[in-house]
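Working notes, beginning with the structure itself.
Every heavy atom of this structure was used, including side-chain atoms; hydrogens, water molecules and symmetry mates were not. Both ligands and their constituent atoms are indexed starting at 1 by order of listing.
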Amino acid sequence: MEQGIEGKTLYDDGDHKFIWLGADDDFRKGVVQTMQYLIVDKNKGWLLDPGGVHLFARVVAGVSRYISLDRIEGIVFSHQDPDVSSGIALWLGVTKAKVYISSLWTRFLPHFGIVDLSRVSAIEDCADRALPLPSGARLRFVPTHFMHSPGAWSVFDEKSRILFSSDVGAAIFPEGGERLFIDDFAPVIPFVEGFHKRYIAANAVARRWTEAVRRLDPEMIAPQHGGVYRGPAVGAFLAWLSSLRCGVDLIDEIYGA
Ligand SMILES: [Fe+2]
Ligand SMILES: [Fe+2]
């Protein structure tokens, strides 16, 4: 099997870890990178957007470096896209985990394979929900609707203060320009701009999301594609996004005036 690139622990205080699960060798070849994350808290695991069928073997191998699969308690799918959740039937087969996803998408999951819906927990709009972890830390669900999916959730890990942001912050780096961390935001704007202008529904939602995220004051923002924002890049990205004209703001450019 392809070895891929080993993961990296983004936070570790002994009881609690936030781990980037590595990448395929394609990471180096300029293919759109998907990022999978694992939170380990007192030897129990939670997976964030573990990805589609074709990644399954590599992600299983990555997870197994840190925790045995039968200790995975939960899998969060930030939204319905195949790059996020099409591996659901395989993941339910190899773990005992419960799955969390927006209530907008539960009825679509069986189209990705045989899914036991009794193991799926629907997150309703406006839900103020958090998953309690054994250490006393919590994973808080942060509304990310229309950013880009109409039913999407980010996850804020209160212990590490890392925000898993779903597709928000996604970067498509050119071949050879891939990096795990974004420390300086300005040079990466050309790789971030296209996705956000076309896929985020409107500046009104971008502003709403950035206001909520600023209140959380994350140390890092870890998206499903591209790189992990840290240091000054966190605030610089939020400032840029909050004033971005996007989606229906650009309706004439998208439809033709
Ligand atoms: Fe998506
Ligand atoms: Fe995505």
Flag, side chain of Thr95 to backbone of Leu92, donor-acceptor distance under 3.5 Å: no

Check: Tyr199 side chain, Val168 main-chain N or O, donor-acceptor pair, under 3.5 Å: no

Using 2.8 Å as a strict upper limit, say whether an N, O or S atom of Gln224 approaches the Fe ion (ligand 2) that closely. yes

Considering all heavy atoms of both residues, which atom of Ala171 and which atom of Val192 are nearest to each other, and what is their separation? CB-CG2, 3.8 Å

Measure across Arg107 and Pro110 and return the closest heavy-atom pair with its distance rounded to 0.1 Å. O-CD, 3.5 Å

Angle at the Fe ion (ligand 1) (to 10°), with one arm to NE2 of His148 and the other to NE2 of His79: 100°

Among N, O or S atoms, His225 approaches the Fe ion (ligand 2) most closely through NE2

Please name the atom of Asp167, limited to N, O or S, that comes nearest to the Fe ion (ligand 2). OD1

Closest to the Fe ion (ligand 1), among the N/O/S atoms of Asp81, is atom OD2

Can you tell me the N, O or S atom of Asp83 that's nearest the Fe ion (ligand 2)? OD2

In terms of relative ring orientation, are Trp153 and His145 parallel, tilted or perpendicular, with 30° and 60° separating the classes? perpendicular

